[in-house]
Amino acid sequence: MKERVEKSVIESIKELYSLEPPPFKVEKPREEKYGDLSTNVAFLIAKKLHKKPQDIAMELAEHMSSSSGLGKVEAVGGFVNVKFSEELIREEFRKLLAEGEKYYRENLGRGKRVQIEFVSANPTGPLHLGHGRGAVVGDTLARLLEFFGFDVTREYYINDAGRQVYLLGVSIFYRYLQLFGREKERPDIEELFEKEGYKGEYVVELAKLLREAVGELLTEGKVGEAKERMLSYSYGFPLNYLPKLKGDSEVELCSAFGLDVMMDEIKRDLSDMGIEFDVWKSERSLYERGLVDKLIEELRRKGLVYEKEGALWLKTSEFGDDKDRVLIKSDGSYTYFASDIAYHWEKFQRGFEKVIDLWGADHHGYIPRVKASLKMLGIPEDWLEVYLVQMVRLIKEGREVKMSKRSGELVTLRELMDEVGPDAIRFVFLTKRSDTPLDFDVDRVKEKSSENPVFYVQYAHARISGVFREFRERFSEDPEKLKLTDKLDQLREEAEIKLMKKAIMMKDELVDVALRRDPHLITYALMDLSATFHNYYNHYRIIGVEEGKMLGRLALLMGVRNALRVGLKLIGVRAPEKM
RNA sequence: GGGCCCGUAGCUCAGAUGGAUAGAGCAGGGGAUUUCUAAUCCCCAGGUCGGAGGUUCGAGUCCUCCCGGGCCCGCCA
């Protein structure tokens with residue numbers, strides 16, 4: 001609809017003033033009395049034309065009313081307001097009925113290759129709520145861009161190199177020894193565990209699983225034998241790290257084992273949330289392919305690094321960062337920053353035309369240095385978009401729940417999923433902009449009332465399905481098979497026009513959401529449409545009224561159902577037939 | 001000390017690129033309903049948009065300063 005108005009405005013301006021209009025706004029006005037869509041274009045060209053905006057608006061409105069076929073066009077205080085005619089609304093709604101989901105699609109992306117990297121949580125512990133939020137936002141963004149014609153790759157970057165993974169191994173080994181009461185025999189392990197180990201309950205579980213596979217072999221230093229046993233043990237999921245293990249210490253064995261188990265668990269958590277990744281990219285593999293070294297070589301060649309105090313520094317400060325950053329520490333090991341740049345460089349080489357990263361908000365200080373380093377590599381500035389995801393607080397009985405039994409600190413995604421299910425989680429995680437903190441009220445989403453937005457929207461869909469069910473029973477005829485597109489003339493009530501309008505105008509909103517990368521607005525559009533529907537449902541009967549009217553109303557509901565389904569599908573929430 | 005985000009109704013929040021009398025849900029008050037699901041609907045009340053300046057025809061939105069809250073600022077990962 002927006003497009004139609006835009007077109008008409010441009011044409012009118014050309015005809016009236018032989019002027020190429022500047023970029024102008026077409027948007028939903030604050031209040032309904034100002035019409036359905038409104039434009040500020042008169043303000044923008046007033047200076048150039050040496051005319052008052054009010055006069056321009058009036059001339060435009062007059063021209064547009066007679067030529068556009070949009071409906072009533074009025075000038076109010078310099079704004080040009082369009083109120084769609086019922087004919088136009090029916091025409092669009094007819095298209096919606098005929099095309100179904102396709103009505104909402106548009107090929108904005110034209111196959112442009114976009115990568116969305118999200119979650120990328122360290123595989124050293126279970127996913128917590130913040131990760132879950134990133135997962136939902138990223139997945140919804142991916143769904144949206146796919147819907148609008150982008151070629152989307154969902155990618156998870158696994159930090160499987162470096163110290164954290166080593167510490168995971170230490171922690172598992174320590175807990176394992178503890179199971180046999182023999183942790184005192186390895187004071188080195190004990191000390192490291194006490195200082196930096198992972199203390200969560202899940203590590204004990206890992207240790208128990210390890211014991212099941214190898215018995216007490218590892219308490220006696222029989223690493224080789226233990227490895228054989230672990231490889232032949234049936235865990236019920238594939239092993240990636242254990243078979244490739246090169247080292248032969250207990251800790252390395254435990255690390256590889258821990259990675260395999262944790263990655264499996266993370267994949268399952270995500271999959272149960274309805275999220276599947278196309279690529280699981282291993283940090284370690286970047287090193288193995290020599291990419292990090294190659295990157296440093298490249299930066300050295302460009303003269304962008306220097307040595308200081310035994311470390312290798314990158315001159316990011318010359319490219320917008322507030323200071324230089326270390327790539328290779330004085331002990332010879334690489335920083336995470338080095339592999340992160342290598343990773344983004346690799347993404348660029350893979351041919352993605354646009355890369356979207358979702359990071360935890362605690363990484364915000366990281367953005368300038370990564371952007372600076374990409375600039376150094378000659379990568380265009382708008383190639384990488386980074387969005388931050390803030391933390392989630394869990395609220396129960398009006399109070400914040402801080403501790404998780406499992407992780408020992410933050411509440412895990414799995415725990416919440418078990419309690420409220422993926423639909424509620426996905427919906428609520430999309431009720432606020434991702435870069436602001438979110439409170440998740442567990443009690444609210446368990447309520448079955450209008451206070452619970454998830455149920456409110458799903459219930460709207462279920463109600464429509466209920467009407468169709470009833471129709472099928474009473475008339476032994478499948479409403480899906482009826483040709484209803486020519487029954488729309490029956491819809492004359494104001495509430496019916498309004499409902500049709502909401503359903504067709506959701507398209508503009510979805511396009512906006514995709515372009516703005518603001519997936520949380522989908523939930524608002526859905527709640528708005530649901531409210532309009534519930535309102536209508538309460539005032540009008542569908543079955544039992546005169547036949548023409550009934551069929552018209554069935555058509556109306558069918559279109560609304562389409563809109564609800566598209567919106568729900570985009571946020572990955574089920575559209576139930578019955579509740 | 002520097003950086004990022006936030007401050008809008010009692011509460012939780014929408015208000016992208018400056019536009020019309022600042023919106024919604026919940027809570028509060030009042031009402032509806034022989035139903036295709038009452039898991040719903042309607043009405044009322046509620047605001048110095050943290051404060052002060054500035055830019056503009058026009059500022060919740062942009063700029064400066066201040067106040068309040070959160071997060072970050074390693075040769076950590």
Side-chain angles (χ1 to χ4, degrees), chain A residues 23-25 27-31 33-34 38-40 42-44 46-47 52-53 76-79 81 122 124 159 161-167 196 308-313 322-323 325-337 360-368 388 390-391 395 398 431-433 435-439 441 444 447-453 455-456 458-460 462-474 512-513 515-518 520-521 523-525 527-528 530-531 533-545 550 553-554 557 578-579:
Chain A
F24 57 94
K25 241 196 256 195
E27 59 183 6
K28 223 157 69 177
R30 284 228 172 98
E31 287 182 66
K33 70 173 182 198
Y34 295 121
S38 171
T39 175
N40 64 340
F43 292 97
L44 304 176
K47 252 191 195 141
K52 279 200 277 189
V76 182
F79 289 90
N81 299 334
N122 286 337
T124 51
N159 288 115
R163 187 163 172 80
Q164 301 221 40
V165 173
Y166 180 77
L167 288 173
E196 297 179 78
K308 193 178 95 186
E309 295 160 16
L312 190 71
W313 295 71
D322 51 6
K323 58 178 168 181
R325 307 288 171 179
V326 171
L327 292 172
I328 305 178
K329 297 180 248 176
S330 54
D331 69 358
S333 63
Y334 296 96
T335 59
Y336 268 67
F337 180 50
D362 52 342
H363 285 69
H364 69 79
Y366 222 72
I367 298 175
L388 298 176
Q390 274 279 9
M391 52 189 308
I395 308 290
T431 52
K432 273 191 77 170
R433 268 215 335 265
D435 63 355
T436 57
L438 174 81
D439 284 348
D441 187 332
R444 164 141 329 162
E447 271 175 56
K448 304 192 167 176
S449 74
S450 57
E451 287 166 50
N452 176 356
F455 275 86
Y456 189 76
Q458 288 187 317
Y459 182 46
R463 267 186 152 171
I464 294 176
S465 303
V467 174
F468 289 166
R469 245 191 330 270
E470 177 76 12
F471 179 88
R472 217 170 286 134
E473 272 171 36
R474 283 213 216 164
D512 263 10
V513 168
L515 294 178
R516 285 167 54 180
R517 316 271 140 88
D518 247 348
H520 78 286
L521 295 175
T523 55
Y524 282 84
M527 286 189 275
D528 186 39
S530 301
F533 165 73
H534 283 306
N535 181 335
Y536 176 74
Y537 180 92
N538 243 270
H539 286 101
Y540 298 91
R541 291 198 56 82
I542 289 106
I543 294 170
V545 298
M550 171 172 74
R553 288 177 180 174
L554 279 178
L557 262 54
K578 222 177 179 169
M579 294 180 73

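Just so we're on the same page: letters track the sequence lines, and every chain starts at 1. Source: prediction; values computed, not measured.
- Of the side-chain N and O atoms in A:Y366, none sit less than 4.0 angstrom from OP1 or OP2 of B:G74.
- Straight-line distance from the NZ atom of A:K432 to the P atom of B:G15: 11 Å, rounded to whole Å.
- To the nearest angstrom, C1' of B:C13 lies 14 Å from CD1 of A:I395.
- With both ends at atom C1', the span from B:C65 to B:A9 equals 28 Å, rounded to whole Å.
- Remark: B:C73 base-pairs with B:G1; criterion is Watson-Crick or G-U wobble with both hydrogen-bond distances under 3.5 Å.
- A:S330 contributes a side-chain N or O that forms a donor-acceptor pair with the base of B:C75 under 3.5 Å.
- Comparing the same atom, C1', in B:A22 and in B:U8 gives a spacing of 8 Å after rounding to whole Å.
- Comparing B:C36, B:C75, B:C72 by their nearest atom to the side chain of A:A311 picks out B:C75.
- Of the candidate nucleotides B:C75, B:C41, B:C71, B:C71 has the atom lying nearest to any side-chain atom of A:D362.
- In terms of position on RNA chain B, the residue among A:F468 and A:N538 whose nearest nucleotide sits closer to the 5' end is A:F468.
- Judged by Watson-Crick or G-U wobble contacts below 3.5 Å, the nucleotide B:A27 has no partner.
- No engagement by A:F471 is indicated, since no non-hydrogen atom pair under 4.0 Å with the nucleic acid exists.
- Residue A:E473 contributes atom CD, which lies 16 Å from atom P of B:U35 at whole-angstrom precision.
- Between the CZ atom of A:F43 and the C1' atom of B:G58 there is a distance of 8 Å, given to the nearest Å.
- When heavy atoms are screened at a 4.0 angstrom cut-off, A:A462 is found touching base atoms of the nucleic acid.
- No side-chain donor-acceptor contact under 3.5 Å links A:R433 to the backbone of A:H520.
- Among the protein residues, A:R463 comes within range of the sugar-phosphate backbone only, with heavy atoms under 4.0 Å from sugar or phosphate atoms but none that close to a base.
- The heavy-atom pair separating A:S330 from A:A311 by the smallest distance is N-CB, 4.0 Å.
- In this structure, a donor-acceptor pair under 3.5 Å is absent between the side chains of A:H534 and A:N538.
- At the heavy-atom level, A:F24 lies nowhere under 4.0 Å from the strands shown.
- On the C1' atoms, B:C13 is 27 Å away from B:A52, given to the nearest whole Å.
- Remark: side-chain polar atoms of A:K329 are not paired, donor with acceptor, to backbone N or O of A:T335 under 3.5 angstrom.
- Rounded to a whole angstrom, the distance from the C1' atom of B:C57 to that of B:G50 is 28 Å.
- Put simply, CG on A:D518 is 12 Å from P on B:U17, counting in whole angstrom units.
- B:G3 and B:A20: their P atoms are spaced 32 Å apart (whole Å).
- Nearest heavy-atom pair across A:F471 and A:I543 is N-CD1, 3.4 Å.
- If you check every strand for non-hydrogen atoms under 4.0 Å, A:L521 touches sugar and phosphate atoms only.
- A distance-only check finds no donor-acceptor pair linking the side chain of A:Y334 to the backbone of A:L327 [under 3.5 Å].
- Taking a pair to require two hydrogen-bonding distances under 3.5 Å in either a Watson-Crick or a G-U wobble arrangement, B:A22 remains unpaired.
- Judged by distance alone with a 3.5 Å cut-off, a donor-acceptor contact links the side chain of A:E309 to the base of B:C75.
- Looking at heavy-atom distances under 4.0 Å, A:M579 makes contact with a base.
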### Task
Show your reasoning for whether side chain to side chain contact (heavy atoms under 4.5 Å, CB included) applies to A:T124 and A:N159.
CA-CA 9 Å; A:T124 51; A:N159 288 115; over 6 Å; no
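- Proximity note for A:V467 (side chain, C-beta onward) versus B:U40, B:C6, B:C36: the nearest is B:C36.
- Within 4.0 Å (heavy atoms only), A:R433 reaches sugar-phosphate atoms of the nucleic acid but no base atom.
- Among B:C41, B:U17, B:G74, the nucleotide with an atom closest to any side-chain atom of A:K323 is B:G74.
- Across all strands shown, nothing is found opposite B:G58 as a Watson-Crick or G-U wobble partner with both distances under 3.5 Å.
- Contact annotation for A:K28: no contact, since no heavy-atom pair falls under 4.0 Å across all strands.
- Remark: C1' of B:C76 and OH of A:Y166 are 17 Å apart, rounded to the nearest angstrom.
- For the C1' atoms, the distance linking B:U21 with B:A59 amounts to 16 Å, nearest Å.
- Comparing the C1' positions of B:U61 and B:U17 gives an interatomic distance of 10 Å, to the nearest angstrom.
- Closest approach of A:H539 and A:N535 over heavy atoms only: ND1-O, 2.9 Å.
- Evaluation of atom-type donor-acceptor distances gives no pair under 3.5 Å for the side chain of A:N40 against the base of B:A20.
- The pairing partner recorded for B:U64 is B:A52, the criterion being a Watson-Crick or G-U wobble arrangement whose two distances lie under 3.5 angstrom.
- Comparing A:Y524 and A:H364, the nucleotide of RNA chain B nearest to each residue sits closer to the 5' end for A:H364.
- Rounded to a whole angstrom, the distance from the C1' atom of B:U56 to that of B:C62 is 10 Å.
- If you take CZ on A:F43 and CZ on A:F24, they are separated by 14.5 Å, rounding to the nearest 0.5 Å.
- Residue contacts shown for A:R163 are limited to sugar-phosphate atoms, with no base heavy atom under 4.0 Å away.
- With B:A14, B:C41, B:C36 as the choices, the nucleotide that has an atom nearest any side-chain atom of A:N535 turns out to be B:C41.
- At whole-Å resolution of the value, NE2 in A:H520 and C1' in B:A16 are 10 Å apart.
- Checking B:A39, B:C42, B:A20 against the side-chain heavy atoms of A:V76 singles out B:A20 as nearest.
- For the pair A:Y536 OH and B:U40 C1', the interatomic distance rounds to 16 Å; values are reported in whole Å.
- Judged by distance alone with a 3.5 Å cut-off, a donor-acceptor contact links the side chain of A:S38 to the base of B:A20.
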